[in-house]
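Let me begin by presenting the structure, written as structure tokens, before commenting on it.
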Amino acid sequence: MRIFYAIALLLLVSCTTLKGQASPFPWPDGRRAAIVLTYDDSLPTHLDVAIPQLDEAGLKGTFFLDAKFPPDMIDGWRRAAGNGHELANHTIFHPCQKDTFTMEPRYYNESYSLKAMLDELSIMNTLLRAIDGKQSRTYATTCGQKFIGDGIDYAKASFDRGLFTACLLYTSDAADDLLCV
């Protein structure tokens, strides 16, 4: 099989909880784990390379989209969703902590209020719904960071408000990747 030319994170999930449930998630058909292929940042190579390769291999991926993709990619994302790939939320502007990488200061996590972040996540959910028609969303934090302003945990607040069914906190060590809450 050809190598996927997109950023992918393989997660082995053996015991996860969703929506604050105390018991482990009941995997379909008695399975005990899943391997999840995830891609983030709405890259053109996801549509041009990764999705065709996934489809050829009979695999599906989760694509965490930010809203920085050009309008001519909307139909491609719609086709991907229609073919079983998940479109998930990765914010509108991909905010990160100051000095993570070059960006406008207004997009530093430190510049965000809780209301501004929750609004951004909600609006991105609306955009994704316009593309794939789905109401339920998963979310991955940007830059592995779930705090804004003066240390407010926006990931927990957004999850508590029902913006997501699951939230993934990417870290520098894949073994430490967790649900956000």
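Heavy atoms only: backbone and side chains are in, while hydrogens, waters and symmetry mates are out. Everything numeric here is computed off the predicted structure, so don't read it as measured data.
- No donor-acceptor pair under 3.5 Å is formed between the side chain of T165 and the backbone N or O of S136.
- Annotation for K68: atom NZ counts as buried by contact number, over 12 foreign heavy atoms lying within 6.0 Å.
- Side-chain atoms of Q145 and N109 form a donor-acceptor pair, as typed in the model, at a separation below 3.5 Å.
- Within the model, atoms CZ of F164 and OG1 of T138 stand 8.5 Å from one another, a figure rounded to the nearest 0.5 Å.
- Judged by distance alone, with hydrogens and angles left aside, the side-chain atoms of R137 form a donor-acceptor pair with the main-chain N or O of L87 at under 3.5 Å.
- Classified by interplanar angle (parallel below 30°, tilted 30° to 60°, perpendicular above 60°), the ring pair H90/F64 is tilted.
- Between the OG1 atom of T100 and the OH atom of Y108 there is a distance of 9.0 Å, given to the nearest 0.5 Å.
- Separation of the F63 and H85 ring centroids falls under the 6.0 Å cut-off.
- Rounding to the nearest 0.5 Å places CG of L128 at 11.0 Å from NZ of K134.
- Side chain of N125 to backbone of Q135: no donor-acceptor contact under 3.5 angstrom is found.
- A donor-acceptor pair is defined here as one N or O able to donate and one able to accept, closer than 3.5 Å; such a pair exists between the side chain of E120 and the backbone of F93.
- Side chain of S111 to backbone of Y107: no donor-acceptor contact under 3.5 angstrom is found.
- The salt bridge (charged side-chain N to carboxylate O under 4.0 Å, His left out) check on R106 picks up E104, with sequence neighbours excluded.
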- Query: Can you list the steps and then say if R79 with D132 is a salt bridge (charged side-chain N to carboxylate O under 4.0 Å, His left out)?
  - Reply: CA-CA 9 Å; R79 281 190 302 277; D132 67 10; over 6 Å; no

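- Residues passing the side-chain hydrogen bond (donor to acceptor under 3.5 Å, both in side chains) test with T142, sequence neighbours excluded: none.
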